[in-house]
Amino acid sequence: GRFGDFGGKYVPETLMGPLQELEDALDQAMEDQAFHDEYHHVLEEYAGRPTALTYADKISDYLGGAKIYLKREDLNHTGAHKLNNAIGQALLAKRMGKEKIIAETGAGQHGVASATVAAKFGLKCKVFMGEEDIRRQELNVFRMKLLGAEVVSVSSGNGTLKDATNEAIRYWVANCEDHFYLIGSVVGPHPYPRMVRDFQRVIGDESKKQFLEVEQELPNRIYACVGGGSNAMGMFYPFLEDDAELIGVEAAGRGIDTPEHAATLTKGAPGVIHGSLTYLMQDDNGQITEPYSISAGLDYPGIGPEHAHLFQTKRVRYESITDKEALDALRLLTECEGIIPAIETAHALAQAFKEAGSMSKDETILINLSGRGDKDMATLMEHFEEEV
Amino acid sequence: GRFGDFGGKYVPETLMGPLQELEDALDQAMEDQAFHDEYHHVLEEYAGRPTALTYADKISDYLGGAKIYLKREDLNHTGAHKLNNAIGQALLAKRMGKEKIIAETGAGQHGVASATVAAKFGLKCKVFMGEEDIRRQELNVFRMKLLGAEVVSVSSGNGTLKDATNEAIRYWVANCEDHFYLIGSVVGPHPYPRMVRDFQRVIGDESKKQFLEVEQELPNRIYACVGGGSNAMGMFYPFLEDDAELIGVEAAGRGIDTPEHAATLTKGAPGVIHGSLTYLMQDDNGQITEPYSISAGLDYPGIGPEHAHLFQTKRVRYESITDKEALDALRLLTECEGIIPAIETAHALAQAFKEAGSMSKDETILINLSGRGDKDMATLMEHFEEEV
Amino acid sequence: MLTKTSFQGKLEKTEDLFIPFLVAGDPSPSMTIAFALRLQQQGADVLELGVPYSDPLADGPTIQRAARRALNAGMSLRKAIELVPQLRKHGLTIPVVIFTYYNPVLRLGHDQFFELLEENGVEGVLIPDLPFEESEEIRGQAESKDIEFISLVAPNSEQRIKQIAENAKGFLYCVSTLGVTGGENKMTGESLAFIKKVKEYSPVPVAVGFGVSTNEDVKIVREHADGVIIGSKIIRLIENELDKINSGEKSGALKSFSNSIAELVK
Amino acid sequence: MLTKTSFQGKLEKTEDLFIPFLVAGDPSPSMTIAFALRLQQQGADVLELGVPYSDPLADGPTIQRAARRALNAGMSLRKAIELVPQLRKHGLTIPVVIFTYYNPVLRLGHDQFFELLEENGVEGVLIPDLPFEESEEIRGQAESKDIEFISLVAPNSEQRIKQIAENAKGFLYCVSTLGVTGGENKMTGESLAFIKKVKEYSPVPVAVGFGVSTNEDVKIVREHADGVIIGSKIIRLIENELDKINSGEKSGALKSFSNSIAELVK
């Protein structure tokens with residue numbers, strides 16, 4: 001249950017049993033070809049995989065350096081990579097005979113993905129969401145309800161993702177016998193970080209195959225944004241043994257020299273959050289601090305333990321991008337390629353765009369376009385209304 | 001330029017030249033394998049085609065009759081079938097050396113698709129939109145602007161799609177030398193209805209292939225909603241010579257016995273609208289009347305001339321579905337399958353769901369899931385807020 | 001080369017034609033009659049009587065507004081045609097061309113349409129959204145009723161110019177500039193060459209329309225074509241008088257209108 | 001079978017233990033001292049002194065509120081430990097168990113944490129999010145400092161029950177029911193069988209916590225286990241007195257608190 005020094009199961013005793021049950025079921029499922037077949041069948045037939053690999057010719061020309069490719073997770077059903085994992089875990093829940101799932105959500109993307117698979121597979125679904133996030137993400141709340149899920153408002157703490165996750169774990173502690181907790185990122189106690197990565201690695205597996213088809217070699221650099229880090233782990237994992245340089249991009253919010261950011265690896269320290277030993281943002285007393293990012297999906301004080309390991313071993317380079325840089329990259333991609341990315345994704349874009357120009361024209365870049373920007377329209381309107 | 005009695009070019013003399021130029025260019029392009037290759041390359045690499053064919057097992061079981069399959073145009077980039085056509089026409093515009101495109105839009109979906117291809121292919125884009133629709137579809141207006149398009153507010157008439165189309169045609173009359181008019185449905189003067197159908201037939205072509213793969217025979221019935229009718233023509237066309245029963249579903253609004261509907265074939269009469277001889281909604285003096293539907297995309301007083309022909313020859317059966325029936329079907333699909341469809345699409349679903357139960361279990365239904373419901377959230381919230 | 005007996009012999013002139021356009025019923029049928037008579041007084045040779053339409057594709061905002069006013073006043077294709085005997089009764093003698101979009105004609109039916117035209121003594125018909133290729137049937141019907149079917153020709157009609165011009169009846173409506181009605185007139189060297197080419201083929205007078213709005217425009221058109229068609233400018237002159245008309249000062253309005261027309265075509 | 005010399009010999013009883021829980025600094029350090037002394041007066045055998053934490057995963061809303069109050073009052077892990085000598089100074093003689101989530105301990109560092117505990121005379125430590133499998137190092141350190149590392153065991157610990165119980169120090173914290181603190185107590189037949197099984201393996205007293213909130217609960221627990229742990233209920237009793245405390249009536253608040261505790265554990 002470790003990635004080097006990180007990971008583990010730092011949970012109340014009551015969860016040790018359910019986690020063992022989960023791990024046993026997961027290991028069994030992963031060795032069962034029928035489970036893989038069903039998972040991949042649903043990904044293809046329902047979620048619309050494989051997602052496209054798009055050559056971004058205009059922006060490549062504009063930046064004048066490396067050829068830039070985009071892995072189009074925005075084309076996944078419900079608009080982001082989140083569904084890959086939700087499908088995998090829902091199938092596992094069914095296999096374990098659990099008919100009720102719980103999930104935490106910040107901006108609502110994982111909540112929508114969970115509500116979606118609950119509807120599709122006939123499970124009851126309860127989504128924990130901070131009351132502040134419920135206020136900010138009214139549309140996604142409605143979407144979850146329309147899908148038949150119950151949205152539980154969490155008023156503890158600041159009413160955001162961290163608090164929703166705490167509350168989901170607490171609820172699971174009390175109801176673990178018949179509830180499956182569907183975690184949305186590569187965080188949480190073992191075996192979650194591994195499981196979520198394994199349900200997201202389809203991104204990297206497909207990318208590798210597609211990239212080799214069009215370029216006959218692997219990309220020189222691969223970029224992905226990192227909040228909890230599931231889209232990045234899904235993309236990076238199949239490339240870990242290859243030469244490709246891997247770059248994870250955190251949210252620098254208003255700047256990493258201000259208190260308002262979510263750059264966990266860049267500015268945080270090792271500790272325990274949500275059951276896992278990893279890096280997190282905390283004060284000198286070990287109290288977890290509130291992160292900030294314009295992007296709700298990156299606005300998380302922790303990070304998956306495997307990222308902490310890849311940071312420590314330097315296999316992945318971690319950078320951070322401010323709100324403003326992300327918004328600029330979002331506009332550039334939109335105007336050049338006709339693709340409005342999620343603000344989360346725009347962090348990865350911004351870092352890649354920064355570096356692409358100084359790379360040579362025979363080098364290549366792969367960016368994980370983790371989600372579409374439809375959910376961010378209200379935020380974008382606030383920021384761009386005067387300009388457009 | 002005719003489909004039986006319907007079609008033609010009922011336009012001001014000034015457009016006859018540009019239409020001929022377009023037709024010549026189109027015919028050339030259609031005979032050029034390189035054009036086909038580029039079009040299909042963009043569909044695959046950029047738009048994410050082929051879209052999935054999803055077996056809707058839960059709803060099939062629930063209705064207890066035919067097996068229901070969904071052709072997932074909602075998974076297309078920008079969320080609906082509209083992009084297929086926009087890509088085709090944008091490539092044609094480029095081939096013709098036109099660097100400026102104009103488009104009309106109602107709810108904004110075709111406007112977004114046009115703005116998207118304009119960004120992708122480096123064209124200038126002007127989208128005509130009624131001032132009332134601009135007010136109702138603020139989000140899509142912003143999206144188009146973010147993509148770099150200019151949105152022209154049309155105040156003539158009632159400020160809706162019909163008026164936006166009139167104004168786009170007028171603008172084209174004055175600027176046809178260097179502008180390409182990118183019409184969003186199988187309407188307008190020849191060669192538009194044929195061209196748009198040919199750029200949408202990829203839906204039916206893919207469906208046929210996919211359906212044969214999973215069921216080894218063609219579907220018994222195929223449903224699609226019809227406003228202008230492009231998703232329906234795209235789906236139906238490759239099946240016209242087959243045995244499958246084809247059902248086009250119009251919007252009955254508040255009921256076809258009220259004045260508030262958009263059931264053009266059911267209640268309209270032959271006439272000329274937007275350059276084409278077809279069915280339309282008009283009064284006794286031949287003045288075009290205002291349609292009504294909860295769904296902005298079906299809220300159009302005309303219909304593509306090929307539909308008029310298929311109606312007259314009875315090759316396609318046309319039905320109509322009220323706002324309420326559509327909303328009920330939308331909820332049912334959402335709760336059973338985890339897919340929130342566009343309200344337009346929900347009309348096709350409602351008709352299919354009505355009929356599926358009385359079909360036998362070895363019969364099959366194919367529904368064109370023309371678009372996703374994200375754009376309709378505000379409308380759905382108004383209608384469902386109390387219930388969910 | 002021009003034929004002389006057009007419009008049932010009522011139009012003997014073949015040059016220097018002044019062809020004004022009114023929307024029937026804008027702002028009321030009686031005012032249309034009054035305006036028409038003033039136009040005849042000011043030298044109009046043919047009256048284009050426009051039928052208001054909900055979706056006038058070839059028209060700019062000015063004529064759209066006029067159509068809206070007339071529709072609100074209850075005007076229709078049938079009523080517009082039936083206005084012609086009223087015009088005659090009040091002294092209009094110049095030929096009248098009914099200008100209508102195609103859908104109201106279709107709704108009425110071709111046969112009934114031509115019966116109505118004939119019954120009401122209409123001399124010509126112009127359908128702006130029925131180009132040459134779509135009008136074969138209706139041209140035949142018009143000919144059999146001795147009603148002139150007016151064709152339009154545009155600078156970008158290209159190889160079709162010859163065909164359209166050679167088949168022209170009554171007068172040939174030459175669209176001077178690309179665009180909808182009421183735009184700006186741009187009489188470039190190209191436009192003049194185009195008019196010259198049209199005149200070569202046309203057996204009937206060539207009248208130029210679209211964007212003629214000043215006396216200077218009129219003079220230039222007169223110099224090169226056989227006639228000038230004025231639409232939107234006349235509607236705007238009527239709009240200038242709407243306040244007076246609504247407050248009952250009809251004679252003042254008509255006088256002021258006449259003066260403006262005189263100034264325009266002097 | 002029970003060992004007698006736990007908590008550095010300070011806990012000689014091995015049954016009928018009353019183990020109350022306070023959050024250090026709720027609502028202030030001085031009130032924590034006062035409440036602790038009252039609890040000792042009412043027969044408390046061990047004090048669980050909770051360190052407030054931003055994200056207390058194992059706690060329900062009551063203890064979350066208490067933690068929030070204490071954090072707002074500036075409490076920290078270090079300050080909570082340093083409160084222990086203050087408690088002693090005011091007359092607390094029973095052993096104190098520092099109850100803290102793991103992250104503050106990690107932040108401080110294991111070595112510094114144990115130095116602090118030792119320096120301040122703390123007899124026990126309980127880390128609710130450090131299960132048996134993750135606590136090997138810290139258990140070793142605790143043992144070497146003669147500080148009891150309190151383990152928890154839950155009904156669903158299953159095959160791990162034996163392992164956890166056999167290795168228990170001080171007392172064994174038996175989670176009577178699945179859930180976070182402050183829930184409802186459901187002493188079912190299953191719970192009783194579970195407690196019985198735990199007692200079979202445990203060399204130390206078995207205390208039952210989670211959801212003990214009425215005198216009836218206390219009586220049932222006493223009947224089957226060696227001790228009762230009361231947390232959320234005590235916090236709620238403190239909350240009842242907050243108004244009085246804030247308005248300066250501290251002695252009245254303490255008296256009322258004492259009476260309630262007496263009623264609870266009678």
Side-chain angles (χ1 to χ4, degrees), chain A residues 1-2 5 7-21 154-158 161-179 188-190 268-290 301-302, chain D residues 51-61 64-65 67-68 71 74-80 100-109 113 127-135 151-161 164 173-184 186 210-211:
Chain A
R2 293 266 163 179
D5 293 342
K9 294 183 189 176
Y10 296 86
V11 293
E13 174 60 27
T14 319
L15 288 185
M16 293 301 284
L19 287 173
Q20 192 59 52
E21 182 195 357
V154 175
S155 59
S156 61
N158 287 25
L161 174 58
K162 171 171 79 77
D163 311 298
T165 309
N166 289 341
E167 207 55 41
I169 294 177
R170 290 181 188 123
Y171 186 88
W172 194 37
V173 169
N175 299 277
C176 49
E177 277 170 72
D178 57 348
H179 282 66
H190 182 73
V272 164
I273 181 171
H274 296 143
S276 177
L277 180 60
T278 182
Y279 270 67
L280 67 143
M281 291 169 56
Q282 52 184 313
D283 66 16
D284 293 341
N285 292 319
Q287 305 288 347
I288 302 179
T289 54
E290 281 295 325
Chain D
V51 178
Y53 185 54
S54 55
D55 297 79
L57 273 188
D59 290 305
Q64 289 174 44
R65 283 196 304 274
R68 183 57 45 201
L71 285 172
M75 188 47 60
S76 65
L77 174 57
R78 176 183 292 273
K79 287 184 185 166
T100 178
Y101 284 85
Y102 188 43
N103 196 53
V105 174
L106 258 181
R107 183 67 176 168
L108 205 56
F113 176 59
I127 304 180
D129 57 349
L130 203 61
F132 190 80
E133 288 79 350
E134 302 289 0
S135 59
S151 292
L152 290 94
V153 68
N156 62 353
S157 299
E158 310 205 347
Q159 61 270 45
R160 297 164 59 261
I161 291 178
I164 295 169
Y173 193 134
C174 198
V175 176
S176 62
T177 175
L178 300 186
V180 292
T181 56
E184 239 181 291
K186 306 168 229 164
F210 278 57

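All figures in this text were calculated on a predicted structure; none of them were measured in a lab. Just the heavy atoms: all of them, side chains too, but no hydrogens, waters or symmetry mates, feed the values below. Quick note on labels: first sequence line is chain A, next is B, and so on, each numbered from 1.
- Counting heavy-atom pairs closer than 4.5 Å to chain D, the top-ranked of the candidates Gly17(A), Pro12(A), Gly1(A) is Pro12(A).
- Within the 4.5 angstrom heavy-atom criterion, only side-chain atoms of Tyr102(D), from C-beta onward, approach chain A.
- Using a 4.5 Å cut-off between heavy atoms, Ile127(D) does not touch chain A at all.
- Chain D forms the most heavy-atom pairs under 4.5 Å with one residue out of Val11(A), Asn285(A), Ile273(A), and that residue is Val11(A).
- Contacts of Arg78(D) with chain A are absent, with no heavy-atom separation under 4.5 Å from either backbone or side chain.
- The distance from the CE atom of Met16(A) to the CD atom of Glu133(D) is 3.5 Å, given to the nearest 0.5 Å.
- The part of Val153(D) that comes within reach of chain A is its backbone (N, CA, C, O), which places non-hydrogen atoms under 4.5 angstrom from that chain.
- Heavy atoms closer than 4.5 Å to chain D are found in the backbone of Asp283(A), but not in its side chain.
- Proximity to chain D (any heavy atom under 4.5 Å) is restricted, for Ile169(A), to the side chain, taken from C-beta onward.
- With Asn166(A) contributing its side chain and Leu57(D) its backbone, the two residues share no donor-acceptor pair below 3.5 Å.
- Within the 3.5 Å criterion, the main-chain N or O of Pro56(D) finds a donor-acceptor partner in the side chain of Arg170(A).
- Scanning both residues, Lys9(A) and Pro131(D), for their nearest heavy atoms gives O-CG, 3.2 Å.
- The greatest number of non-hydrogen atom pairs below 4.5 Å with chain A, out of Val175(D), Leu152(D), Leu130(D), is found for Leu152(D).
- Looking at Gln64(D), the atoms closer than 4.5 Å to chain A (heavy atoms on both sides) all sit in the side chain, from C-beta outward.
- Considering OG of Ser157(D) and CD of Gln20(A), their distance stands at 12.0 Å, rounded to 0.5 Å.
- Taking Asp163(A), Thr165(A), Val272(A), Leu277(A) one by one and counting their heavy-atom pairs under 4.5 Å with chain D, the maximum is reached by Val272(A).
- In this structure, Gln287(A) contributes its side chain and Ser54(D) its backbone to a donor-acceptor pair below 3.5 Å.
- Residue Leu77(D): no heavy atom, backbone or side chain, is found under 4.5 Å from chain A.
- Ranked by heavy-atom pairs under 4.5 Å with chain A, the list Pro52(D), Pro61(D), Pro104(D) is led by Pro104(D).
- Looking only at side-chain heavy atoms (C-beta outward), Asn156(D) and Pro18(A) come within less than 4.5 Å of each other.
- Proximity to chain D is limited to the side chain of Glu167(A), based on heavy atoms less than 4.5 angstrom apart.
- A distance-only check finds a donor-acceptor pair linking the side chain of Asn103(D) to the backbone of Gly286(A) [under 3.5 Å].
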